[in-house]
Every structure is written in C-alpha cells, then in structure tokens.
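Here, residue 1 is the first one in the sequence, and each next residue gets the next number.
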Amino acid sequence: MMKYCLCLTGAAMDLEDEPLLFQSSWDAEEEEEQDEDDGESDTQINGGSSTTGGSIVWGAVGWVYTQPWVSGVVLGVGVFLPCALSAYMFLYCPPLDIDLSYSAFEVHSHFSAERFDALTIAIKTQLGSWDRRRRDVDHYDFTALQELLLDRLGRQGDEASNWTSHGGLNSKSLKNHTFKRVVMQQRGVALSQQETERHREARAGKAKIREEDKNTTNLGKPESRESKGEEGDRDSERSRTRMRRFAPNYSYLQSQALWRMELVFVAQGGGDNNIFTPERLRTIHHIEHLLMQHPQFQQFCWKPLEVLRDLPLGPSYCSPPSSLLSYLFPSERGGRIYYDGMGPDLADIHGALSLAITHPQFYWYVDESLAPDRLSSSLLRSEIQFGAPLPSYYSLQDRPEEQRQRFRNFVVQYADILAQQSTSQVKVLYGGTELFDNEVRQTFHRDMLLALISGGCITLLVYVLTSFSVFLTFFGLTSIGLSCQVALFLYHVVFGVRYLGILNGVAAFVIIGIGVDDVFVFISTFRQASHLVHPVQRMMYTVKTAGRATFLTSFTTAAAYAANTFSQIPAVHDFGLFMALIVSCCWLWVSILMPAALCIWTQCVDPQENTCLKWWDSIFPPFFAREQSSYCCAACLFILFSYYEQSETSLSPPGRGTAGVVSANLQWALRHWVAEPAVEKRKVILGIYILVLLLSAGCCCLLRPATHAPLLFRPDTNLQTLLGLRNNLSAQGISCHMCSGLFMEKPHLLHSPTHTTPSMPGFHPQQHTQSPSNSTLQRPLLTVYVSKLDVGASITLYRFSLNTSVPSPWKSLSAGHGEVPSFQAYSGPHSNFSTHMTVCVSRVYHPHPRWMITSQSCDPRHGWRSEFSFYVASAEQQHSRRLYFAQHKLSPHPSRVCAEPPGCVISSGPDGPTQGSFYTPLPTDSTSTKRSKTSGFNPCSGVGCGQPAVRPLVDTGAMVFVVFGILGVNRTQRTDNHVIGDMGSVILDPNFDIFQEIGHLCQICKAISANKQLVKPGGAQCLPSGNKLSSILPLLHPDCHSLPEPNLLPGQLSHGVVGTHGGRVSWLSMAFESTTYKGKSSFQTHSDFLQWETFLQEQLSTLPESSALRRGFQTCEHWKQIFMEIIGVESALCSLLLSLAICVAAVSVFTAHPLLLLPILLTILGVICLVVAIMYWLGWELGAVEAISLSILVGSSVDYCLHLVEGYLLAGETIPSLSAKRQRRSLDAVNHVGVAIVSSAVTTVISTVPLFFCVIVPFAKFGQIVAINTAVSILFTLTVTAAMLATMGPANFHRPPGAVLKASLAVLGTTAFGAALCWAGGQLGPVTWHTAVTM
C-alpha cells in the first residue's frame, strides 16, 4: 500500500502582517535621508506597538536568540538530536538497504507486472528458480508430468478394454494394446533416464538420492534394458577410472560449473567490422590466455571430467574458455589436434569456422547477421566457467555464501585487467553476475564521490557569499547536513521505508542548493535589519520575516516533490517522499539553528574575524610584494580581503558595518544592472517573454517520445554497451559452457604437412590456392630501411632505401612513438601480396632530396623519378602487419610510414595514391621461429566438414508466455510496494483440468505458432523439456498431432512449463519467442503488446463458455519494462500538473491577491516551456528519465519568483503613496531578496555541475535539467517577474490579516468543487456525463 503522506514539522507561523523595519536606498540622497528619518520614526512606533501588543511568544523568541549562552544551548541541542536519532536508527533499527536495480522502477500494481509475477512465483515454487539453474530440477517435473499422462492413457486403455469386452469393435482392442505398449515403453524410458541421472549425480559427488527416484523404483521395467544400462555405466566408470590413473592429481573439487564470467569482443576501428581477422583474433587469444594466467585461477577454475582427454592442457585440468577460439587456435600433441584454444598459432580461419558451424552451438558465439555463406560477425562471445565446491569445502551446500564471497573477491580483480585490454581494433566488454554487479556498485559509489567535490565548491562559495565568515559558513552547511539525518530517520523509521533507491542519490546534490537558499535568506534578512538598534527587535524581525519567506518557498517545493508520492513507480514514490521530508526538515533546522548562529556570530565571533582580517592585511602585503610572481593565487585572495576591508567603510551605510562586502556589492550590481533596466524597459521584456513563450511552446510540441530503450549508463561505458548488445545476443539465462571445440570435437589426426594457403573469412579456401607454377616460384623479400632528417620546426624528411647504411646528416629511426625503422615487402607479386608500390625521389627545387611512396607511377613534371618498387597486400593476411603512409601537404611534401594512424594523419585529404595503408609480411625470423604444426591448419581440406547447422533460437526476441490455470497473484500480506519485498503467492484456478482441455490447448498452440507476424519460425515451445511427450499427447487427442517443435540449442531447456500440485496438473505455460526486438523503445513496442493481446483474446473467444481456458492470459518480462517507461512518463507528467495545482493553491493562500499570483504562474509557465524547448534543442527525447526529471520543475521554479513577490509585499509597507509606486516596490523587492536568491541559484547550479560527469545517465540528466531550470528560473525572476510586478502588481495592497483567511477559504472551496465535479463524472459515466454537460 502506497503512502501518500508528507510530514512538514515546524513551529507555528504567524501569517499576520509585520512592518518593514528597514529603509531602502532607491531615491536621491536628500530624499533618502528624509525617508530614513521618517522610516526610523515609523519603525520605532510600529515596533513599540508590536512589542506592547502582547506578542509574548515572539518576545520570548527574540530574547532566546539574543542571549549567547541560550543560543549556544539551542545549537547544542540542534546538533545532538539528529546525531542521537541517527545512532538509534543505525543501532536498533533494521539496516537501510540501497537498491540499485532496474527493477525498482517496475510497477507491481499494473496488470502486466501482476501477470508476470504470478507466473514467476509459480515457476519458482515448482522448479526452485526462474533462470537456467532450474536445469537441476527440470527432469523431475518432466517425469512427473509423464507419469500423469501415462496414467491417463492407462485409464483410457482400461475403459477401451471394458467396452470391447461388451461387444466393441476390434479397432478399439487394437488401440488398447497400443496404449499399453506405449505406456510400458515410456515408463521404461523414464526409469532409464532417472537411473542414468542418479548415476550422474553419484559420479558428481552427490550423496543424497532424490525422493522422486525412491518413489518410482517399484515401477516395472524390462530386465534387458536395465542390464544394458548398468553395463554401459560400468564401462563408463572403468574408462574414467583408467583416466584417473593417468591423472593422479585430479580432484572432484570445482567439478560443477557454478559461476561464469562473460566476455564480448566487439570489432571497432576502420575498415570492415569483422571480428574474424588475424589481428583481432590474436588479440582475443592473448586476452583469454592473460585471464588464465591469474595467480589464483587454479583455485577457482572449472575442472570437468572431459578435460582429462585433452593432453595439452597438462596437469592443471582447468577448462579453457568456452570460445570459438578453441577451433581457431588448436593445439597439437602426439600427431593429434586438440580443439582447446591453447595453441600458439592461428589455424585457417575459413576452415576452422566451417568446422564449427556444423554444430548449432556455433551461433551462440556470434551475432545474428552471420550466415553460412557470410562468415562475418561484428562480435565474438566467450565464457569462462568457474567451478565449485572450492578447496576446503565438501559440497555446494557447504557454506554456500562463504564460497560465493570468496569467488566474488577473486573475480572482481579481473575488472581492472579487462578495462585495459581494449585496442584500436577490438573493444573488450566483460560481465557476469558478480562482475557486473560489482561494477554497478563501484560506478554508483564513484558518482556519489562527486558530491564531495560539489560540497567543497559549495563550501568555498558560501564562504565568499557570507563575506568570508567561517562561523556562518560552518553552521549554515551543518544545519543542512543535520536536516538530512532527521529526514533519513523519518523516512526509514517513521514511514517504514527500508530502501534507498538510485534516484535518492541525487538528493545529496539538490538539497545543498535548496538548503543554502534558506541560509542566505536568514543572513540577508539579518543584515537588512542592521538599522534596528534594539537586538530583540532585530532578531524578532529576522525570524518572522525570513522564517515566513522560507516557509512559503519550502512548503511549495516540498509539496511539488510530494506530488511524486502519487506515482505508481516505487522508486519515484520513494524519491518524492524522501525529497519532501528533506526539504521540510531543512527549513525547520535552518530556522532553529541560523538565528542562534547569527546571535553568537554578532556578539562573539564577528569582532575576532575582523581582527584576523586586519592582521592578515598588516602581515602579508610585504610578503606578496616580494613573491608576486610565485604566489599569484594568494595575492588574489589578499586583494579580496583588502577590497573587503575598504568596502566596509566606503560602501556600507552607517550602522551596517556587518553587512558584508560581497552582499553589498552584489546588491548594488543587481539593482543598477538588472532591476532598474528591467523596470524601465518592462514592456520590451514582456514582449520578448511572449515571443519566447510562443517559440518554446512550439518546440515543446515537437519533443517526441523516446525511440530507444532508456539508457542507464553513458553509452561509451562497458556497462551500457554490454546492456545494449544483449538485445542482439541470446538471453542471459542461456549458458553455453560446453559448446566449445573441447567438448564438441574429438581429437583429430593431424593432416599432411602441406596445408592450403590461409584464407580470409567469406571466401572458399580454393580461391586462394596458388597454381603449381606460382607456388614453386618463391619471390625474395626486400627490406626497406627508413631514416629521417629534421629540416625545420614542423617538417621532417624521411628517406627510404634498400641499403642499411645511413649517410650523414640522416639519422636512423628507433622503434616507438609510431616510427617504423624498417619493413619487409616482396620484390614481385606473391600470393595476395600483389599491390604495387613505388618509391619516388626528387632532388630538384630543394637542398635535400625528398622521397615519396605512391601506388602509381612517379610524376616527372615535378622532378620525381622512380627509386625502387615493392609489393604488399591491400587486405590483412596471415602473419602480416598493417602500416600507414601519407604525404605531407606542405612543402617539400615528404612521405612518412608509421605503425599507427595518428602519426600519419599529416594530410587532411582522403585515401589515395599517396595516402592510405598496406599490409607487409612479418620479419622472416619471427615467422620461421613461431610457426607450429597448427599454423594455417585447415580441418576441412581434402574432405568437407559437413553441412552448416540450422540457426537455433537463443532468445534474441522477447519471450511471450501464454498461461492457463493461474488467476493472479495474492499480495494481501505485502507490507510495501517495493520490488525487493515479498512478491506474494499465486492464485490457482481450481476448475482447470488439462485432460479436459488438452484438445483446445493443442489448437491454441498451433494457431499462435502459425502467426508469423508474432512468432519466429521454430519459436513455439508448447511443451516442457522432454522429447517423449510429443509421442504421448497425440494418443490423448487427435488435435495434438504434429505439434510444432522448437528449434533449440542441444541441451537447452524449453521455456514451456507445467505445474503439478497434489497429483494433478494445476497450471500450464506455453512459451513463444516473438518477433519483438527488445532494443526498441517502449512506445514502439506497445503496439506489439496490443497485437499479442488482441490475437489471444480472439482465440480464447472461440472456446466454450464453460472452458477454464477463457481465463488464460499472455505475459512477458519485456511487457513489464515497456509499461514501466510508459507509466513513468504518464505519472511524471501527472505529477507535474499536480505539483502545479498545489503550487497555485499555496501561492494563492500566501499572496492573497490574484495580481500577485498571475506573475508567479506566468513565470513558472515560461520556465517550464523554455526548459523543455532546450531539451528539444539538445536533441533529447521524452523518456522515463527525462519525464521524472521534469516532475520537479515546478518545485524548483517557484522559489525565486515567490521570494520576489514576498519582497514586493514587504516593500509596500514603508513606501509612501507615489505615482510610480509599483516600479519602486519592484526595485525594492529586488534590493531586498536579490542577493539571497542569486546566491541560492549560483550554489544550486554549482552543486549540480558535478552531476554532469556522472556515469549513471539518470544522475547526469537530472543534474543538467536542474541546472538549466535554475538558470532559466533566476533569469526569468529578475527580469520577467520584476517587469510584471512593475506593470500589474497591486500598488497599495499590504496583505491584511483577513486576506489570507479569505484566500484559504477560496482555495478550499475551489478544491472541493473540483473534487465533487470529478466524483460526479465518475459516477455518471462517460455517456451520461457528456449528456449532462451538453444540456
């Protein structure tokens, strides 16, 4: 049950009018002196009347905050109480968890979530797990269902036998014998499978025998089949025993694959993005070997029995990575080829891939674009399995959490290693449950550390804006921090929320700006009242005026945030509640602590701070004069301090020695540079405002919904790239730990030493086989030596020669920094090295000769002549390297050869004859010494490798489940709506009988699988795992003949599940892999959901009325995600409108005048439209993240304009009746609150700037929107709001005491009328309501 509560605690606030007890300085000096005298007399009279009027409470408050010792007690209690509450919360309350999961945004009250949660609970109850770990218990459910179906067949057979004995047809008797034969065969096969499973578990070290095996041991079974099964098991045990004799160090520890690390290698860089190139494959091979060389790898690696037959693995017995590199880098031992990926050299790429593609498991490693006739993939997957139980543990159940913690501590060490392995050609992505979760936590913690940077910047800025007062800076920021502790206590203990969501992390950034706003208002108001002689009157005025102003803004801001508590999304609901509490507590604590801090600062601290500044001024000027060049930063600080001292005496008016230099100068600047131009040119400003509003509204209409899935992290990060690629890969639950060549291929005899020439993928080996004449003709290799000569500041000449000697003044090159001292090439065409390159030299026009490399002939018109030529390859070859060449565009136009592109980007033109790249053979010594027997090995030479396997379905599309027998989920025992809490219990349909509905179920299965627009070919998984059920169902009903068979990976489980309870089938779930691509946006995918829902309802409507199948439904995990985003956008927009309504109601009560309400509403409207227009100009789309960020715009926009309106009301209490009273009240309002709101805006923007650099996208966009909104809001407040007040503000309105009460009654009446109107509309219905309105 969601909580719609907002706790706003605070002292009772007197809303009656109070006189303005300060004198403004907006007129000439003579008039200012006269007004000042009048103001002082009025002040004394008003102050005396107020004091003598019986305000005992305010008098007591004024006395408390003028006694230093009492103020010290208030500060002590204000600091001690939050610390005590926090200590109680952390010591005696349940721990506060941090939920960083994406599921925190799921709406569990939505029907799509309830459907999928019901199925998830049922599957977990039946199978023990939702993911691939259900593999351990799936066999039991298959056999249980099989027994139920066989018993049903047996009863049908008995009924048929009885009917035959009473005179039935012989065909029924024949069918009865068929029934019995099938029953005996199926039960025999089932028992044989159970017996084999029991032997497998015994060999794996499991001592317990499952209860279902014990219950089925009495079933009849052919004796010969049992003896053969036992005989085969004895032979396999003898063979493994013989293998163990050769492997005495083998242990059953780590024999079960329990954990895994996922690797994805993505091709990048220029050229064809094909991962199957020699350079990229060698990089991947190096990375996989590097991971296996970790010092602790032996303690955690997976050690299956199958690795014992692989002799090259040696005594480690660790399974190599599950990768296609097992085919591409085979090893050789004793004349046999082992496909384990541990070989030193690359085999023939096309031949190895041709062998691997004969297995359907091959497609698990590559993307969906690969086809048998196009062996090209943009990525390559790999898995490293880790086994359990670990050393010093007996089994998987022996301290499982401790084993998992040890593995987590080990595997996270790979994060730093893998993060440095990406190259210009290969991008390395890494994941896995433990590794991925650890990186998410580390990313969140790193982003939260940016709050420290924000806090440091804010501290320095507050220190400057408080006129260099350490005391006020400390207690101002301390009050904000203490309020956060109180808010956290209320959030966790009082409201009972046990989790902090990912959105709550931005509160650390936003609350700084909001809290500093209140702090600055108190400081500014206290300094504005410096003309009051009596300390009690000055403190009373400060508390009443600043407390009322901050209460108005804090209430509207908290109410705007509290509007998010009506959101159905748990994370948004918790964020709105937390922010409302923290804003309210911030106002309360600032209102309590800041007056006490101002009291102590005025009477005790301020004189000492001034003394320190004078001492600094007298000591450091000579030092700065001597060290001016070395200590410029300190000199700047000294200038600020000196300017502070000078301004204290020159700019500050009499009696305001504590006003502060920064506040005084900022106030002067705002008045003369902002307020006066805005008031004088108010018509121009209002015209510009209307134009901007219309343009912004037009851009708001152009902002389109999101066209892609929401981003959680920056696009260039490992986390987001891996999340994006999962839409193109198989589902996370599908593991392929036994799909590599180590398990799929037996050791092969090595072919003859003469191998076919290595070829590139996509071409048949015969295309690259040389003719006998060409193969016997060996072209000699040339070595091209490179030297250089520096002839200027930016020009370097390079010399190319076939001679090793280097004439003076040329210098030889050294390897490094992209330099190429020499390279090899062929003197003539050789195999694929057929690209002709010419070295040209010119000795005219310049004192030094210059060389040029070109793919064309030398141009004699410019003095070029041919020096020598060589042949290279234009595409990558075996044992080759890529070099880049380019000709400088500046005279004397030298050419350069380098190993990396940055060194040769000396010409801005495209690739051409004098700029590009080529491939040269590696040095002869390296190729001759490193080549092994497996280098260039082609397993398909001579004889073919067989036909390519058909691509299986590996859950690349959204998996849709059609469920029968489940009515819903019961969540009556749930205490909260959070995702981490209890999911509830499933509600089963008691009328569901699979045997009565078996015909209808088969018809629905065929109808859905035949819809090619919704289901992929071979994507129907109507039955659970087990290949014998398809032979039983046709005997139960004729419609069950020729059920569609899914095209799955060998060993992959079907997603179809049948739930049994109490000896009967209680529910059934069919699975279909849909054509819906999971990478589309939620708004685009919603149409797919509607197609599924419509088609299923059409099928169910054809069933009889009494059929329990009519209550079936379709569900999908992807549907939950799309509705999460759709509801997030809708609820955020509703929260925006609700917060706007709350803001209108609050401002109407506080201002008590429609002409004061109108400027605020128009300002908020302009701010929201302009912010949304800026989002459109930045190229953003309206997704869940953007919508949630927009929901706080009203609360962030109302503060500054409401402060200005409050200043307008205060200014009218002392200004005499003049013709230009509106203008002077507007100027005085800016003069009064301008410093506070500008200081607050600056601190808010600076506090959110660190969010720009966050890796988590919601944080970054939230910070950008808050910063943009703050900048636009302060700009509109100082210009548009001031111009509107000067134009339409009530000139003589002073907010009498009865005005607030009247406005409150009007707001309540309007609210009640609106609520009654909505209730009536809901009761009458749409049609009746429309009729009533038209009448």
Side-chain angles (χ1 to χ4, degrees), residues 243 247 249-251 253-265 275-276 280-334 336-347 349 352-353 355-356 359 361-362 364-366 380-388 407 410-411 414 417-418 421 426 428 430-432 435 735-748 932-935 937 939:
M243 295 175 69
N249 297 327
Y250 183 80
S251 173
L253 296 175
Q254 304 167 226
S255 60
Q256 302 183 48
L258 185 60
W259 306 292
R260 60 175 174 169
M261 179 169 60
E262 300 176 4
L263 300 173
V264 180
F265 304 98
I275 198 66
F276 296 119
R280 291 177 173 131
L281 292 176
R282 291 192 185 96
T283 301
I284 299 173
H285 186 244
H286 167 74
I287 294 173
E288 292 185 350
H289 269 258
L290 181 65
L291 298 179
M292 296 183 66
Q293 293 172 2
H294 192 280
Q296 300 179 2
F297 183 78
Q298 298 287 337
Q299 305 174 17
F300 295 91
C301 67
W302 180 39
K303 299 180 179 180
L305 291 173
E306 288 79 1
V307 302
L308 295 177
R309 68 185 184 186
D310 196 305
L311 298 180
L313 289 180
S316 65
Y317 303 114
C318 285
S319 174
S322 176
S323 171
L324 281 184
L325 266 64
S326 58
Y327 293 93
L328 294 163
F329 286 88
S331 58
E332 183 270 337
R333 179 68 63 86
R336 289 181 175 270
I337 293 292
Y338 296 85
Y339 294 98
D340 52 12
M342 309 308 294
D345 291 320
L346 180 64
I349 298 177
L353 296 180
L355 175 62
H359 306 285
Q361 291 87 342
F362 167 84
W364 184 87
Y365 296 102
V366 296
L380 185 63
R381 299 180 69 183
S382 178
E383 269 190 354
I384 297 181
Q385 301 291 330
F386 298 94
F407 171 74
F410 156 72
V411 77
Y414 281 118
I417 300 175
L418 292 169
Q421 299 306 315
V426 179
V428 182
Y430 50 92
L435 204 57
S735 179
C736 209
H737 58 289
M738 300 183 68
C739 299
S740 65
L742 177 66
F743 301 94
M744 305 304 299
E745 301 290 341
K746 296 180 179 179
H748 290 193
S932 63
K933 295 182 180 180
T934 59
S935 177
F937 172 73

Closest heavy-atom pair and its distance - Met342, Pro320: SD-CB, 3.8 Å

For the pair Phe265 and Ile287, evaluate side chain to side chain contact (heavy atoms under 4.5 Å, CB included) and give the outcome as yes or no after the intermediate values. CA-CA 10 Å; Phe265 304 98; Ile287 294 173; 4.0 Å; yes

What residues form a ring-ring contact (aromatic ring centres under 6.0 Å, His included) with His359, not counting sequence neighbours? none

Quick one, Phe297 and Ile384 - any side-chain contact, counting heavy atoms below 4.5 Å? yes

Kindly compute the distance separating NE2 (His289) from NE2 (His285), expressed to the nearest 0.5 Å. 3.0 Å

Considering only heavy atoms from C-beta outward, does the side chain of Leu380 approach that of Leu325 to under 4.5 Å? yes

Quick check: closest heavy atoms across Gln254 and Cys301, and the distance to 0.1 Å? NE2-O, 2.6 Å

What closest approach, in Å, do Phe362 and Ala356 show between heavy atoms, and which atom pair accounts for it? CB-O, 3.2 Å

Results of ring-ring contact (aromatic ring centres under 6.0 Å, His included) for Phe300 - residues two or more places apart only: Phe410

Go through the steps for Val428 and Thr283 under the test side chain to side chain contact (heavy atoms under 4.5 Å, CB included), then give the verdict. CA-CA 10 Å; Val428 182; Thr283 301; over 6 Å; no

Does any non-hydrogen side-chain atom of Phe329 lie less than 4.5 Å from one of Thr934? no

Ion pair check, Glu262 and Arg260, cut-off under 4.0 Å: yes

Is the shortest side-chain heavy-atom distance between Tyr414 and Tyr430 below 4.5 Å? no

Quick one, Cys318 and Lys303 - any side-chain contact, counting heavy atoms below 4.5 Å? yes

Any idea which heavy atoms bring Pro939 and Ala352 closest together, and the distance? CD-N, 4.0 Å

Indicate the ring-plane relationship of Tyr327 and Tyr339, choosing parallel, tilted or perpendicular according to the 30° and 60° boundaries. tilted

Determine the minimum heavy-atom distance between Pro304 and Phe743, stating which atoms define it. CG-CZ, 4.0 Å

Please give me the minimum heavy-atom distance between Met744 and Cys739, naming the atom from each residue. CG-O, 3.4 Å

Does the side chain of Ser322 pick up a donor-acceptor pair with the side chain of Tyr365 at under 3.5 Å? yes

Is any side-chain heavy atom of Ile275 closer than 4.5 Å to a side-chain heavy atom of Val366? no

Between Ile284 and Leu263, is there a side-chain heavy-atom distance shorter than 4.5 Å? no

Nearest 0.5 Å, what's the CZ-CH2 distance between Arg381 and Trp364? 4.0 Å

His294 side chain to Val411 backbone, donor-acceptor under 3.5 Å: no

Could you tell me the separation between the OG atom of Ser323 and the CG atom of Leu281, rounded to the nearest 0.5 Å? 9.0 Å

State the CG-CD1 distance between Leu290 and Ile417, to the nearest 0.5 angstrom. 6.0 Å

In sequence, state the C-alpha distance, the side-chain angles, and the governing distance for Leu742 and Ser326, and then conclude on side chain to side chain contact (heavy atoms under 4.5 Å, CB included). CA-CA 7 Å; Leu742 177 66; Ser326 58; 5.5 Å; no

What's the spacing between Glu288 CD and Gln293 CD if we round to 0.5 Å? 12.0 Å

In Å and rounded to the nearest 0.5 Å, what is the CE to CH2 distance from Met738 to Trp302? 5.0 Å

